[in-house]
Participant: 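What follows is a single structure, and I will ask about it in a moment.
Residue numbers begin at 1 in each chain, while the letters A, B, ... track the order of the sequences.
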2 protein chains.
Amino acid sequence: MSSPDSSSRGTGRRSRDPEATRSALIEATVDLILRQGFAATSVGEICKQAGVTKGSFFHHFESKDAIGQAAIEWWGNFGTALYEEAWKDSGRDPLEHIGDLFSIMEGFTLDENRVCTCVVGIMSQETAQSNESLREMAARELERWTENAGRLIAAAKERHCPDADFDPEDVAWHLNSVWQGSMLIGKTIRNPSVIRRNLCMSREWLAGLFPDGVRSLLFSKQTN
Amino acid sequence: MSSPDSSSRGTGRRSRDPEATRSALIEATVDLILRQGFAATSVGEICKQAGVTKGSFFHHFESKDAIGQAAIEWWGNFGTALYEEAWKDSGRDPLEHIGDLFSIMEGFTLDENRVCTCVVGIMSQETAQSNESLREMAARELERWTENAGRLIAAAKERHCPDADFDPEDVAWHLNSVWQGSMLIGKTIRNPSVIRRNLCMSREWLAGLFPDGVRSLLFSKQTN
DNA sequence: TTTGACTAACCAACCGGTTGGTATGTAACA
DNA sequence: TGTTACATACCAACCGGTTGGTTAGTCAAA
């Protein structure tokens, strides 16, 4: 749970390393949001977990909201790294990239040491109607994911069936909704396998939108 | 915003009507959960909105958790009433019932006076990992919805394509995930039309699981 | 190379207000 | 008269945020 690393020491002054302090605070916030939500997390708790005093906290962040924003941003970057293989332009068939995307999501559900849930989804649920600035950041991250997925789907459509009757952006929103809804349900019924089954069905559905001949590209193993 | 009904009076003693008091408290809680979440809602706020004092609150509910449970239960009953047309056994083709289900969800997104969101989804997100009793109640409601939908899908499969290669319960979980995920995303990007587009795509996908001949049953207008 | 002025990082103690919850009293109904 | 429904007044603990002050690093002048 609490890592005995150099960033937190039981007693005495913290070493003077502002970036490490900032990171420790943000990472503690992300962890606490994932475990109990943002509203239920107090600044004192964040400080305790990061091994930082409250005075120091408010030197780095002007408010609790501010670290909420930083946490969303941190999670956004974490996601960008996680999905790198899918988002990056490799010259391979875009359908294969979509296959990578599914594989990455599937992989995310398989980590035994972490409950499969999402800072952006949690912050969305909690702040969408009560905190405009946090809502806006969460929305931006949701849109970023959808744009990336939509770009892949549009490219695959352009290449394989430009006249097919579906809108890539709509399909991307559907996929994002399945993803968010599955994580929400998976953690609530304490059964992450429902997430994988949903991803499997969505992948199958997506495959059905493309011609039979290229269908297998969506299911090819990730070349890493 | 605040309804000037008989349940709240500015000054003086509240009329002696324990059931009305209880209802007022629960309905205030549901409303506040929908607008700002459970953790961000205080008992004082609930009391103020319901026109009840705190002493009275703790006469009816032994803790904040307890009214959280009551709110989930209230929402569950609200849902049962909302979906009645779809869940009830009418002798009509089960595929038509599934069509009703989609129409009801679609209708739920269309109310201009209410943001399309769900107490169960909110409570799931907030409590799944930090409050076992609330998590369990939310999970039970998610399972109830899925069982009802799954029963319809299973009946439709039995009648129209008993040998088809899909599991009705899996499909029902997928549908529930799309529903929850769509509401989450719809309110965050402030665009409920994404929910309707997602429902439309899921309906189309479901139709594709059944033989062409019966497809239209899923799209027939609700006979009410 | 020392010194000293300046700044950013950090800290313990504290602030007014709010939290979930309680103790106690009172009025209405059976 | 006893029980239930309500109200008032209160509590310790905690909330987000501020205070005034200490310490460590930077850099320029001597």
Participant: Once you round to the nearest 0.5 Å, how far does NZ of K48(B) lie from OG of S42(B)?
Facilitator: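 The OG atom of S42(B) is 9.5 Å from NZ of K48(B), to the nearest 0.5 Å.
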Participant: Of all the nucleotides listed (dC11(C), dG21(C), dG17(D)), which has the minimum atom distance to the side chain of V52(A)?
Facilitator: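 The nucleotide sitting nearest to the side chain is dC11(C).
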Participant: Between L25(B) (CG) and dG21(C) (P), how many Å, whole number?
Facilitator: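 Rounded to whole Å, this separation is 14 Å.
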Participant: Write down the distance between NZ (K54(B)) and C1' (dT19(C)), rounded to a whole number of angstrom.
Facilitator: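 Computing the K54(B):NZ to dT19(C):C1' distance gives 7 Å.
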Participant: Show the nearest heavy-atom pair for residues I195(A) and W179(A), with the distance to one decimal.
Facilitator: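 So the two residues come closest at CG2-CZ3, 3.8 Å.
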Participant: Rounded to the nearest 0.5 Å, how far does SG of C118(A) lie from CD1 of I33(A)?
Facilitator: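 It is 10.5 Å, given to the nearest 0.5 Å.
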Participant: For DNA chain D, which residues of residues 59-66 of chain A approach it to below 4.0 angstrom with any heavy atom?
Facilitator: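 Here the set is S63(A), K64(A).
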Participant: Rounding to an integer number of Å, can you tell me how far I46(B) CD1 sits from dT19(C) P?
Facilitator: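 The distance from CD1 of I46(B) to P of dT19(C) comes to 11 Å, rounded to the nearest Å.
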Participant: Please determine whether a side-chain nitrogen or oxygen atom of T21(B) lies at a distance below 4.0 Å from atom OP1 or OP2 of dC6(D).
Facilitator: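 Looking at the OP1 and OP2 atoms of dC6(D), one of them is under 4.0 Å from a side-chain N or O of T21(B).
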Participant: For DNA chain D, determine which residues of residues 125-133 of chain A have any heavy atom closer than 4.0 angstrom to one of its atoms, and list them numerically.
Facilitator: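 Going residue by residue through residues 125-133 of chain A, none turns out to have a heavy atom under 4.0 Å of DNA chain D.
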Participant: For F102(B), does the six-membered ring have the charged nitrogen or CZ of R196(B) within the cation-pi criterion, i.e. under 6.0 angstrom from the centroid and within 45° of the normal?
Facilitator: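 No.
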Participant: Using a cut-off of 4.0 Å between protein heavy atoms and nucleotide atoms, how would you tag nucleotides 23-30 of chain C 5' to 3' with B, S and -?
Facilitator: --BBBBS-
Participant: Under 4.0 Å between any heavy atoms, over every strand shown, what does T53(A) touch: base, sugar-phosphate, or nothing? Just pick one.
Facilitator: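 Base, at least one base atom sits under 4.0 Å.
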Participant: Which value, rounded to the nearest 0.5 Å, describes the distance between H174(A) atom NE2 and M201(B) atom CE?
Facilitator: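 Taking NE2 in H174(A) and CE in M201(B), the distance rounds to 5.5 Å.
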Participant: Round to the nearest Å and state the distance from R22(B) atom CZ to dC6(D) atom P.
Facilitator: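 Answer to the nearest Å: 12 Å.
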Participant: Within a strict 4.5 Å, meaning less than it, do heavy atoms of the E147(A) and R144(A) side chains meet?
Facilitator: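 No, every pair of side-chain atoms sits at 4.5 Å or beyond.
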Participant: Is there a side chain to side chain contact (heavy atoms under 4.5 Å, CB included) between F108(A) and L82(A)? Walk through the geometry before answering.
Facilitator: CA-CA 9 Å; F108(A) 191 74; L82(A) 184 70; 3.8 Å; yes
Participant: Rounded to the nearest 0.5 Å, what separation is found between the OG1 atom of T80(B) and the NZ atom of K88(B)?
Facilitator: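 The OG1 atom of T80(B) sits 14.0 Å away from the NZ atom of K88(B).
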Participant: Could you go step by step and tell me if W87(B) and H97(B) meet the ring-ring contact (aromatic ring centres under 6.0 Å, His included) rule?
Facilitator: CA-CA 7 Å; W87(B) 297 160; H97(B) 276 268; 9.3 Å; no
Participant: Is K64(B) positioned over the aromatic face of F57(B), cation under 6.0 angstrom from the ring centre and no more than 45 degrees off axis?
Facilitator: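 Checked: cation-pi criterion not met.
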Participant: Going from OG on S193(A) to CG on L110(A), what distance comes out if it is rounded to the nearest 0.5 angstrom?
Facilitator: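 CG of L110(A) is found 10.5 Å from OG of S193(A).
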Participant: Quickly work out the F58(B) CZ to dT19(C) P distance and round it to whole Å.
Facilitator: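 Nearest whole value for this atom pair: 12 Å.
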Participant: Nearest whole Å is fine: how far is dT19(C) P from F57(B) CZ?
Facilitator: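 Checked: the CZ to P distance equals 13 Å.
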Participant: About how many Å separate CD1 of I46(A) and CZ of F61(A), when rounded to the nearest 0.5 Å?
Facilitator: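 One gets 9.0 Å once the value is rounded to the nearest 0.5 Å.
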Participant: Measure from NZ on K48(A) to P on dC14(D) and round the result to the nearest Å.
Facilitator: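 K48(A) atom NZ is separated from dC14(D) atom P by 10 Å.
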Participant: Can you check whether S56(B) has a side-chain N or O nearer than 4.0 Å to OP1 or OP2 of dA5(D)?
Facilitator: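 Checking S56(B) against dA5(D): no side-chain N or O falls below 4.0 Å of OP1 or OP2.
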Participant: What is the distance, rounded to the nearest whole Å, between atom CD1 of I67(B) and atom P of dG21(C)?
Facilitator: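 In whole Å, dG21(C) P and I67(B) CD1 are 12 Å from each other.
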